[in-house]
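Below, chains carry the letters A, B, ... as their sequence lines are ordered, and counting in each starts from 1.
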Amino acid sequence: MDQNGLQPDINDLMKRRIEELNELRSNNFEPFAYSYDVSNYSQEIKNDFEKYESKDVSIAGRIMAIRRMGKASFAHIQDQQGRIQIYLRKDEIGESYTAFKLLDIGDIIGVSGFVFKTRTGETSVHVKSMTLLTKSLRPIPIAKEVIDEEGNKVVYDQFTDKELRYRQRYVDLIVNPEVKDVFIKRSRIVSEMRAYLDNAGYLEVETPILQPLYGGAAARPFVTHHNTLDLNYYLRIADELYLKRLIVGGFDGVYEISKDFRNEGMDRTHNPEFTMMELYVAYKDYIWMMELVENMVNHLCKKVFNKTEFEIEGHAVKFEGSWARVSMVEEIRKITGIDVLTASRSEIYKAAESHGADVKGDESKGKLIDELFEVTVQPNLIQPTFVIDYPLEISPLAKKHREKEGMVERFEGFVVGRELCNAFSELNDPVDQKERFQGQSVMREEGDEEAHQIDNDFVRSLEYGMPPTAGLGIGIDRLVMLLTNQSSIRDVILFPQMKPEK
RNA sequence: GGGCGCGUAGCUCAGUGGUAGAGCAUCUGCCUUUUAAGCAGAGGGUCGGUGGUUCGAGACCACCCGCGCUCACCA
């Protein structure tokens, strides 16, 4: 803070605004008002001009453009819904016009007046009274918008600096309206998902974020510390093991929409904290779960977007009806000619390497199959597709396949080559689960930091008996990326993780 | 961590070794239906930092810092 009580990066533009603020105060215009009665939003007036024409309205918002013409002025103010033009005349609003001269782009005002159209046909509010609500001391990046002859919106000098946009998302939201749209969509996707699951009778629950053991996924955790207990805790990497305990406890359907935390790299598709929906339903298997995914995603598309066909990375993608269901083993065989069930580990390694997978050679056979799949099959999965049945080694929480040796009953959903969800028939045999954990334990000792920890309490819960259960995980951020056609996870997270400033 | 790129006014950007620039924003004056309003004028810079090459560096070189994209790891 400097002597003016502001952040130290004050400049001449801000000094000028402080002078204006003082001048407003000395003329009895309070620059930080307490409330304002709003009767309408900008878009409802513009969308329904006939209804509002000549009627009085009160609107409030941020000044985004000013055109002063001596004793009259036009301005655009932006509220939650968009922008609308206002018209002010000195002979009608008197002293307020003097105050208006001291206002800047970025200030927040409330106006009341009647609705009219200008000569050039723009719906506007003819102001009869104006109230300053908040004086803005820091200039916002000015972008000018204009509608060209073909009706397209053209933006000049758009605020584009990605770092500043993410760090100061509040500014991004003010000046880039399409950003706001994405987050409104995100919010609606989550609430419609919740509505769908609630309507199906599943119970939304909350499980611990701070966990003494972490589990449910292969990932490295964040570590934190409890002072009184003097113990390290982990931030959860998944909800799975706690939610399945609840199935043991007698809830037949539970879900949680939660933040998970993984201590790994950050890039276009990874943020250290991210939002996951996990669902577990008793007495069901993974085949049943595929239908749920189809129906739920279809529901979201219709409710939030009012359509089921999306343009994603240049592909027309349809979220309708049954998705294709393909066998992982079969798809790999089609492309590489290799039957991973009968092939040796070294054959799969060679194939993975020759198809461009970055394998070191110390991977398990299951991991190599997964690698081979990722480089050969996954990129071709454009339309929504379920890939079915995975190697047992890479799925320590999934139930052994009822027919296929060495495989588990698991599927992942893919769209335009990206993974959308992961699900399985849950492993409920406590002896098998214990053995799988022990296998993971060996991998940990061999240096695999992402191998699962043994969770004896979870095994104990299975010993009491967990009904057959289908489980599902959907990465909410990635789902939103898909449906809003955003290529970076940072564009669907309001405050993406950034290095600290300076 | 590797590769590529970027860093110049509040914002968006020019500036390829010779006086630091433009548009918008800001300020002054004029302007009562304008709309990237207009007209006339003005102010605003540690050219990311440090060192080097050079008579002379915003530019060239080295190193550092910050950021973006991308590859690897991962969901």
What string of B, S and - do you get for nucleotides 3-12 of chain B, 5' to 3', if B is base contact, S is sugar-phosphate-only contact and - is no contact with any protein heavy atom under 4.0 Å?
-------BSS
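Ranking B:C27, B:C67, B:A72 by closeness to the A:Glu163 side chain, first place goes to B:C67. Here B:C67 is the nucleotide among B:U34, B:C67, B:A72 with the atom lying nearest to any side-chain atom of A:Arg167. Here the nucleotide nearest the side chain of A:His126, chosen from B:C27, B:C73, B:U33, is B:U33. Of the candidates B:G68, B:C73, B:U32, B:U32 carries the atom nearest the A:Asp91 side chain, counting heavy atoms from C-beta on. Listed nucleotides: B:A75, B:U34, B:U32. Nearest to the side chain of A:Arg119: B:U34. For A:Arg16, the listed nucleotide lying nearest its side chain is B:U26; candidates were B:U34, B:A75, B:U26. With B:U33, B:G68, B:A75 as the choices, the nucleotide that has an atom nearest any side-chain atom of A:Met498 turns out to be B:G68. Looking at the side chain of A:Lys162, the nearest of the listed nucleotides B:U28, B:G68, B:C71 is B:G68.
At a cut-off of 3.5 angstrom, the base of B:U32 holds no donor-acceptor pair with the side chain of A:Glu92.
Annotation: B:C67 and B:U53 have their C1' atoms spaced 28 Å apart (nearest Å). When the P atom is used for both B:C73 and B:G17, the distance is 43 Å, rounded to whole Å. Comparing the same atom, C1', in B:C31 and in B:A40 gives a spacing of 12 Å after rounding to whole Å. Nucleotides B:U8 and B:G45 have their C1' atoms positioned 8 Å apart, rounded to a whole Å. Taking atom P on both nucleotides, B:A25 is separated from B:C11 by 15 Å, rounded to a whole Å. Taking atom C1' on both nucleotides, B:G23 is separated from B:G18 by 26 Å, rounded to a whole Å. B:G48 sits 15 Å from B:U16 when the P atoms are compared, rounded to a whole Å. The C1' atoms of B:U19 and B:G58 are separated by 14 Å, rounded to the nearest whole Å.
Under 4.0 angstrom from either OP1 or OP2 of B:A36 there lies no side-chain N or O belonging to A:Arg67. Using a 4.0 Å cut-off, no side-chain N or O of A:Arg68 falls inside it from OP1 or OP2 of B:C31.
Closest approach of A:Ser487 to A:Arg268, counting heavy atoms only: O-CG, 2.9 Å.
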Using a 3.5 Å cut-off and no angle test, enumerate the donor-acceptor pairs between side-chain atoms of residues 373-381 of chain A and protein atoms at least two apart in sequence or in another chain.
from: A:Thr376; atom 1: OG1; to: A:Leu372; atom 2: O; distance (Å): 2.6
from: A:Gln378; atom 1: NE2; to: A:Gly417; atom 2: O; distance (Å): 3.0
from: A:Asn380; atom 1: ND2; to: A:Thr376; atom 2: O; distance (Å): 3.0

Filtered N/O pairs between nucleotides 44-49 of chain B and protein, under 3.5 Å:
none

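Every ring-ring contact (aromatic ring centres under 6.0 Å, His included) that A:Phe319 has, sequence neighbours left out, goes to A:Phe310. By the ring-ring contact (aromatic ring centres under 6.0 Å, His included) test, A:Phe29 pairs with no residue at all, sequence neighbours left out. Here A:Phe222 pairs with nothing under the ring-ring contact (aromatic ring centres under 6.0 Å, His included) rule; sequence neighbours left out. Considering only residues two or more places apart in sequence or on other chains, A:Glu409 meets the side-chain hydrogen bond (donor to acceptor under 3.5 Å, both in side chains) condition with A:Arg402, A:Ser425. With sequence neighbours excluded, no residue forms a side-chain hydrogen bond (donor to acceptor under 3.5 Å, both in side chains) with A:Thr134. A:Tyr214 pairs by the ring-ring contact (aromatic ring centres under 6.0 Å, His included) definition with A:Tyr234, not counting sequence neighbours. By the side-chain hydrogen bond (donor to acceptor under 3.5 Å, both in side chains) test, A:Asp370 is found to be paired with no residue, residues two or more places apart in sequence or in another chain being considered. With sequence neighbours excluded, the residues that form a side-chain hydrogen bond (donor to acceptor under 3.5 Å, both in side chains) with A:Ser395 are A:Arg410.
Atom C1' of nucleotide B:C31 and atom OH of A:Tyr87 are separated by 12 Å, given to the nearest angstrom. A straight line from CG of A:Asp491 to P of B:G68 spans 12 Å, rounded to a whole angstrom. Rounded to whole Å, the distance from CG on A:Asp267 to P on B:C67 is 16 Å. Rounded to an integer number of Å, the gap from CG of A:Asn263 to P of B:C73 is 18 Å. One atom, OH of A:Tyr166, and another, P of B:C69, lie 6 Å apart when rounded to the nearest Å. Rounded to whole Å, atom P of B:U34 lies 13 Å from atom NE2 of A:His76. When rounded to the nearest whole Å, the span between CE of A:Met277 and P of B:A75 equals 18 Å. As a whole-Å value, the separation of A:Arg83 CZ from B:A36 P is 13 Å.
Taking the nucleotide of RNA chain B with the nearest heavy atom to each of A:Asp477 and A:Ala72, the more 5' of the two is matched to A:Ala72. Taking for each of A:Arg262 and A:Ser488 the nucleotide of RNA chain B with the nearest heavy atom, the 5'-most of the two is the partner of A:Ser488.
Remark: the backbone N or O of A:Ala99 is not paired with any side-chain donor or acceptor of A:Asn27 at under 3.5 angstrom. Side chain of A:Arg62 to backbone of A:Gly106: a donor-acceptor contact under 3.5 angstrom is found.
Backbone-only contact: A:Glu450 has heavy atoms under 4.0 Å from sugar-phosphate atoms and none from a base. Among the atoms of the strands shown, only primed sugar atoms or phosphate atoms (P, OP1, OP2) are found under 4.0 Å from some heavy atom of A:Lys367. If you check every strand for non-hydrogen atoms under 4.0 Å, A:Asn271 touches a base. Heavy atoms of A:Glu20 sit under 4.0 angstrom from primed sugar atoms or phosphate atoms, though from no base atom. No contact: A:Arg17 has no heavy atom under 4.0 Å from any strand. Residue-level contact check: A:Ala65 touches neither bases nor backbone, having no heavy atom under 4.0 Å from any strand.
Other residues, nucleotides and ligands place no more than 12 heavy atoms under 6.0 Å from the NZ atom of A:Lys350.
Where stacking is scored as ring centres under 5.5 Å apart with planes under 30°, A:Phe74 does not register as stacked on the base of B:A37.
Stem regions annotated for RNA chain B: B:1-7 with B:65-71, B:10-13 with B:21-24, B:26-30 with B:38-42, B:48-52 with B:60-64, counting only runs of 3 or more consecutive pairs of Watson-Crick or G-U type with both contacts under 3.5 Å.
Under 3.5 Å, the side chains of A:Glu256 and A:Thr207 contain a donor-acceptor pair of N or O atoms.
Between A:His452 and A:Phe437, the ring planes lie tilted relative to each other; the angle falls in the 30° to 60° range.
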